[in-house]
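Counting starts at 1 for both ligands and their atoms, following the listed order. Residues: numbered from 1 along the sequence shown. What you see is a predicted model, and the numbers here were worked out from it, not measured in a lab.
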Amino acid sequence: MSSKPIKGIILAGGLGTRLRPLTRITNKHLLPVYDKPMIFYPIQTLVDAGIHDILIVTGGNNAGDFLRLIGNGKDFGLDRINYAYQEGEGGIAQALGLAEPFARGHRIVVILGDNLVEKGIVPGVRKFQQLDKGALVYLKKLADPRPYGVPVFKKGQIIDIEEKPKKPKSEYAVIGIYMYDENVFDMIRTLKPSKRNELEVTDLNNAYIKKGQLHHEVLPGWWADAGESFEALLETNQMVARTRKNPTS
Ligand code: G1P
């Protein structure tokens, strides 16, 4: 267990090409989801889990919009939010590496800025806090996990994660919520670029598996990868609206 407070990191870069023309003049993570901009949801998820020291890593042509929209985080009861800028498209793990000056020596909870969850992440954060070391990923059971990182299990343990497999070996997706111990930045330095020339978060998680240090938690309630497509964005809007009108405990 670590005594230092956990820090939160939201990854919100990219050019959002799949959502053009919606993303021509703004960042994908600032598009509306029901009554709020998309990025408000992951920020609230962190704050609700007791994580108040937050860094937003952004990039692309409209990074300044984040500052104009979120400022110092008053909407969330915060008095400060930190920002970093990712140049180019180096992948999730490369974006995370930019958080080192902010989070060195701390444990971190990372959320992809377009990942929304219905019921929060308190159980996962609590479990992660109890660990001596290592990492924790959140899983969600899906009818078709092929577009995501998919875990391979042996005796209830994850022994490998395959990125976007054609023939998934389980029914679970590794969603965009990750928790890492203080070694994460050294681990990122050992990664090599993938075929799409990015530092992949799946390779980072597999490096933790090799050390026997990857834990997992299954997410209750719905999960949305809102920025994945127009359909996903529409569906996320509808799910948020339904949940707001008819909240479950
Ligand atoms: C990324 C990760 C993938 C994960 C997904 C969750 O995919 O590489 O493992 O399941 O986020 O949203 P990408 O958004 O790069 O396609």
Side-chain angles (χ1 to χ4, degrees), residues 9-20 22-23 27-29 31 33 38-39 41-42 45-46 57-60 86 88-98 108-118 121 124 135-153 158-180 184 187-188 191-209 214-219 221-233 235-236 239:
I9 296 161
I10 298 176
L11 301 183
L15 299 171
T17 46
R18 279 175 287 186
L19 295 182
R20 277 191 193 147
L22 294 180
T23 48
N27 183 291
K28 166 174 89 172
H29 307 91
L31 295 175
V33 173
M38 195 184 291
I39 192 152
Y41 296 89
T45 299
L46 288 174
V57 182
T58 181
Q86 181 184 29
E89 299 274 278
I92 293 172
Q94 197 248 358
L96 187 53
L98 298 175
I108 56 174
V109 172
V110 183
I111 308 190
L112 305 186
D114 59 354
N115 272 237
L116 276 63
V117 294
E118 180 183 5
I121 57 169
L136 186 145
V137 293
Y138 253 113
L139 307 181
K140 185 77 200 161
K141 199 171 185 180
L142 297 183
D144 179 11
R146 283 177 299 175
Y148 302 106
V150 178
V152 182
F153 291 97
I158 302 179
I159 56 162
D160 191 20
I161 300 173
E162 298 179 331
E163 182 65 21
K164 308 191 199 325
K166 291 203 180 74
K167 291 188 182 159
K169 297 201 176 90
S170 74
E171 296 174 281
Y172 289 89
V174 178
I175 69 167
I177 300 178
Y178 316 97
M179 307 184 194
Y180 298 109
V184 63
M187 308 264 288
I188 290 171
L191 301 179
K192 305 245 154 39
S194 64
K195 278 185 210 135
R196 57 173 174 172
N197 207 24
E198 293 189 0
L199 296 187
E200 302 283 345
V201 70
T202 287
D203 291 341
L204 177 61
N205 294 332
N206 277 326
Y208 273 98
I209 290 176
L214 189 81
H215 304 263
H216 66 271
E217 179 80 7
V218 176
L219 188 81
W222 56 252
W223 163 63
D225 183 15
E228 203 256 328
S229 61
F230 293 112
E231 289 71 27
L233 181 60
E235 210 182 301
T236 309
M239 288 196 296

**Student:** Distance to 0.1 Å, residue and atom name: give those for the protein heavy atom nearest to atom 9 (O) of ligand 1.
**Tutor:**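 Minimum-distance protein heavy atom for atom 9 (O) of ligand 1 reads Glu163 OE1, 2.7 Å.
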**Student:** Can a donor-acceptor pair be found, under 3.5 Å and without considering hydrogens, that links the side chain of Asp203 to the backbone of Leu191?
**Tutor:**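 Checking the backbone N and O of Leu191 against the side chain of Asp203, no donor-acceptor pair under 3.5 Å is found.
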**Student:** Please confirm whether Ile92 comes under 4.0 Å of ligand 1, counting heavy atoms of the residue only.
**Tutor:**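 Ile92 counts as a contact of ligand 1 under the 4.0 Å cut-off.
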**Student:** Among all protein heavy atoms in this structure, tell me which lies nearest to atom 12 (O) of ligand 1, with the distance rounded to 0.1 Å.
**Tutor:**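 Residue, atom and distance for the closest contact: Asn115 ND2, 3.5 Å.
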**Student:** Has Lys141 got more than 12 heavy atoms of other residues, nucleotides or ligands less than 6.0 Å from its NZ?
**Tutor:**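 It does not: Lys141 NZ has 12 such atoms or fewer within range.
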**Student:** Side chain or backbone, does Arg18 bring an N or O within less than 3.5 Å of an N or O on ligand 1?
**Tutor:**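 The answer is no, given that Arg18 and ligand 1 share no N or O pair closer than 3.5 Å.
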**Student:** Show me which atoms of ligand 1 lie under 4.0 Å from any heavy atom of Thr202.
**Tutor:**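 Here the atoms of ligand 1 in question are 9 (O).
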**Student:** Can you tell me if Arg196 contacts ligand 1 (heavy atom of the residue under 4.0 Å from the ligand)?
**Tutor:**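 In this structure, Arg196 qualifies as a contact of ligand 1 - some heavy atom is under 4.0 Å.
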**Student:** Taking all non-hydrogen atoms of both residues, which atom of Val117 and which atom of Ile175 are closest, and how far apart?
**Tutor:**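 In this case the closest contact between Val117 and Ile175 is CG1-CD1, 4.5 Å.
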**Student:** Below 3.5 angstrom, do we get any N/O pair linking Leu112 and ligand 1?
**Tutor:**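 Between Leu112 and ligand 1 (N or O atoms, distance only) the closest approach is not under 3.5 Å.
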**Student:** Could you check whether any side-chain heavy atom of Lys169 comes within less than 4.5 Å of a side-chain heavy atom of Val150, counting everything from C-beta outward?
**Tutor:**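 No. Closest side-chain heavy atoms not under 4.5 Å.
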**Student:** Any atoms of ligand 1 less than 4.0 Å from a non-hydrogen atom of Asp225? List them with their elements.
**Tutor:**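 Result: 12 (O).
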**Student:** How far is atom 6 (C) of ligand 1 from the closest protein heavy atom, and which atom is that?
**Tutor:**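 That would be Gly176 N, 3.7 Å.
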**Student:** Identify, with sequence neighbours excluded, every residue that meets side chain to side chain donor-acceptor pair (under 3.5 Å) alongside Arg20.
**Tutor:**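 Result, side chain to side chain donor-acceptor pair (under 3.5 Å) vs Arg20: none returned.
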**Student:** Taking the side chain as every heavy atom from C-beta outward, state whether Leu139 and Ile158 have any pair of such atoms under 4.5 Å apart.
**Tutor:**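 Leu139 reaches Ile158 side chain to side chain.
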**Student:** How far is atom 13 (P) of ligand 1 from its nearest protein heavy atom, and which residue and atom name does that atom have?
**Tutor:**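 Of every protein heavy atom, Lys164 NZ, 3.5 Å lies nearest to atom 13 (P) of ligand 1.
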**Student:** Side-chain contact test, heavy atoms from C-beta onward, threshold under 4.5 Å: evaluate it for Tyr172 versus Phe153 and give yes or no.
**Tutor:**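 Yes, at least one pair of side-chain atoms sits under 4.5 Å.
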**Student:** If we only consider heavy atoms of Glu228, is any one of them less than 4.0 Å away from an atom in ligand 1?
**Tutor:**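 No; Glu228 lies far enough from ligand 1 that no heavy-atom distance drops under 4.0 Å.
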**Student:** What residues form a ring pair (Phe, Tyr, Trp, His ring centres under 6.0 Å) with Tyr178, not counting sequence neighbours?
**Tutor:**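 Partners of Tyr178 under the ring pair (Phe, Tyr, Trp, His ring centres under 6.0 Å) test: none.
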**Student:** Provide, to 0.1 Å, the distance between atom 5 (C) of ligand 1 and the closest protein heavy atom, together with that atom's residue and name.
**Tutor:**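 For atom 5 (C) of ligand 1, the nearest protein heavy atom is Tyr148 CD2, 3.9 Å.
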**Student:** Measure the distance from atom 10 (O) of ligand 1 to every protein heavy atom, then report the residue, atom name and distance (to 0.1 Å) of the closest one.
**Tutor:**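 In this structure, atom 10 (O) of ligand 1 has Val174 O, 2.6 Å as its nearest protein heavy atom.
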**Student:** Do Tyr148 and Asp225 have side chains that approach each other closer than 4.5 Å (heavy atoms only, starting at C-beta)?
**Tutor:**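 Side chain of Tyr148 against side chain of Asp225, heavy atoms only: contact under 4.5 Å found.
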